[in-house]
Amino acid sequence: MNNLTRRHVLMIGGSAFVAAAVGVKPAFAANDHQEIINKFTGGKAAKEGRVSLELPQIAENGNTVPISVSVESPMTKDDYVKRVLVVADANPRSGVATFNFTPASGVAEVSTRMRLAGTQNVIAVAEMSDGNFYMLKQQVKVTVGGCGG
Amino acid sequence: MASAKPRVKVPKNAKKGDVIEIKTLISHKMESGQRKDRKTGKKVPRQIINKFTATFDGETVFSMDIEPAISANPYIKFHMKAEKPGEFEFTWVDDNGEKYSTKKKLAVN
């Protein structure tokens with residue numbers, strides 16, 4: 001009986017350890033960015049190419065990090081960039097912005113400023129009018145994070 | 001925060017077919033909802049501009065869905081292909097449903 005109890009304890013301990021290991025996500029995938037990307041693409045795979053990101057390699061102030069996104073496209077009525085999603089993979093909330101273009105935009109190019117809580121990847125996903133998706137991921141090193149109180 | 005002041009830079013004239021650059025800036029604190037009040041330790045509720053739209057003669061040229069990760073006093077630079085003279089209207093909407101807007105004319109020759 002004594003032996004069985006010991007085995008039981010070990011079993012419980014073992015399964016608890018496994019559960020903990022499964023439950024803890026790795027630090028670099030802390031937020032829901034993949035979910036948001038999947039929602040945006042409707043589960044379709046995004047190809048590489050067409051998208052360019054202009055970001056500082058090192059951002060001293062995470063409160064205001066300049067970002068420019070551009071997507072190669074003729075921007076005609078039959079062939080244009082519909083939307084571009086930008087997410088950050090280690091912010092408390094992954095969403096940054098969605099840019100909605102029209103053929104009247106002329107070029108699919110936009111600049112803004114964003115907050116980054118720390119060093120992480122910024123991901124841009126573009127939806128073209130033909131239903132294809134393109135993406136690009138780029139890392140930004142952040143000296144002072146932009147989400148403190 | 002009805003004091004938010006929109007500022008827009010658009011060229012007055014453009015040649016037909018030119019792609020012009022439009023720069024916008026609006027003063028807004030963009031409270032992210034993540035920040036804690038130092039005295040009470042409670043999270044300060046989110047209050048951001050969540051949507052920006054640019055129209056030209058009533059037709060949407062560009063719009064942006066904005067998340068709390070956009071910096072305070074949001075700056076947006078984008079483009080439009082000038083095809084005809086007309087009027088821009090730029091609109092920002094915040095979490096309280098408050099609307100800020102401004103208009104600019106464009107001559108095309």
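Both backbone and side-chain heavy atoms feed into the values below; hydrogens, waters and symmetry mates do not.
- When the side chains of ILVMFWY residues are joined at heavy-atom separations under 4.5 Å, either directly or via intervening members, A:Val69 and A:Phe40 end up in two distinct hydrophobic clusters.
- Crowding of B:Glu89 atom CD: a count of heavy atoms from other residues, nucleotides or ligands under 6.0 Å exceeding 12.
- For B:Asn73, there are no side chain to side chain donor-acceptor pair (under 3.5 Å) partners, not counting sequence neighbours.
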### Step-by-step side chain to side chain contact (heavy atoms under 4.5 Å, CB included) determination, A:Arg113 to B:Leu25
CA-CA 11 Å; A:Arg113 296 175 189 139; B:Leu25 187 72; 4.2 Å; yes
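- Taking hydrophobic clusters as Ile, Leu, Val, Met, Phe, Trp and Tyr residues chained together by side-chain heavy-atom distances below 4.5 Å, A:Val65 does not share a cluster with A:Leu85.
- Contacts of B:Val61 with chain A are made by both backbone and side-chain atoms, with heavy-atom separations under 4.5 Å.
- Only the side chain of B:Lys51 comes within contact range of chain A, with heavy atoms under 4.5 Å apart.
- Taken from CG in A:Asn100 to CZ in B:Phe62, the straight-line distance is 7.5 Å, to the nearest 0.5 Å.
- For A:Lys44, the NZ atom sits in a packed shell: over 12 heavy atoms of surrounding residues, nucleotides or ligands are nearer than 6.0 Å.
- When every heavy atom of A:Gly95 is checked against every heavy atom of B:Ala69, the shortest pair comes out as O-CB, 3.5 Å.
- For residues 6-16 of chain B, a heavy-atom distance under 4.5 Å to chain A picks out no residue at all.
- At a threshold of 4.5 Å between side-chain heavy atoms, the hydrophobic network of Ile, Leu, Val, Met, Phe, Trp and Tyr places A:Val125 and A:Val84 in two separate groups.
- To the nearest 0.5 angstrom, A:Phe99 atom CZ is 8.5 Å from B:Ile66 atom CD1.
- Against chain A, the residues from residues 75-83 of chain B that qualify, each with a non-hydrogen atom under 4.5 angstrom away, are B:Tyr75, B:Ile76, B:Lys77, B:Phe78, B:His79, B:Met80, B:Lys81 in number order.
- A continuous path of Ile, Leu, Val, Met, Phe, Trp and Tyr side chains, each step under 4.5 Å between heavy atoms, connects A:Val71 with B:Ile22, placing both in one hydrophobic cluster.
- Panel note: side chain B:Ser71, backbone A:Asn63; a donor-acceptor pair is recorded below 3.5 Å.
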Let me check something: any side-chain donor-acceptor pairs from residues 128-144 of chain A under 3.5 Å, sequence neighbours excluded? List them with distances.
unit_1: A:Ser129; atom_1: OG; unit_2: A:Tyr80; atom_2: N; d: 2.9
unit_1: A:Ser129; atom_1: OG; unit_2: A:Tyr80; atom_2: O; d: 3.2
unit_1: A:Asp130; atom_1: OD1; unit_2: A:Asn132; atom_2: N; d: 3.0
unit_1: A:Asp130; atom_1: OD2; unit_2: A:Asn132; atom_2: ND2; d: 3.3
unit_1: A:Asn132; atom_1: OD1; unit_2: A:Lys47; atom_2: NZ; d: 3.4
unit_1: A:Thr143; atom_1: OG1; unit_2: A:Ala59; atom_2: O; d: 3.3

### Full working for side chain to side chain contact (heavy atoms under 4.5 Å, CB included) between A:Val86 and B:Glu67
CA-CA 10 Å; A:Val86 176; B:Glu67 300 288 337; over 6 Å; no
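- Heavy-atom pairs under 4.5 Å with chain B were tallied for A:Ser105, A:Ala97, A:Ala108; the largest tally goes to A:Ser105.
- Note on A:Ile37: it does not cluster hydrophobically with A:Val96, by side-chain heavy-atom contacts below 4.5 Å among ILVMFWY residues.
- In terms of non-hydrogen atom pairs under 4.5 Å with chain B, the most contact-rich of A:Val107, A:Val110, A:Thr98, A:Thr64 is A:Thr98.
- Residue B:Glu87 places its CD atom among more than 12 non-hydrogen atoms of other residues, nucleotides or ligands, all under 6.0 Å distant.
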### Message
A:Arg93 vs B:Arg46, test: side chain to side chain contact (heavy atoms under 4.5 Å, CB included). Steps then yes/no.
### Response
CA-CA 13 Å; A:Arg93 296 191 53 213; B:Arg46 180 184 129 155; 3.5 Å; yes
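- What you find for A:Arg115 and B:Ala72 is that their closest heavy atoms are NH2-N, 3.5 Å.
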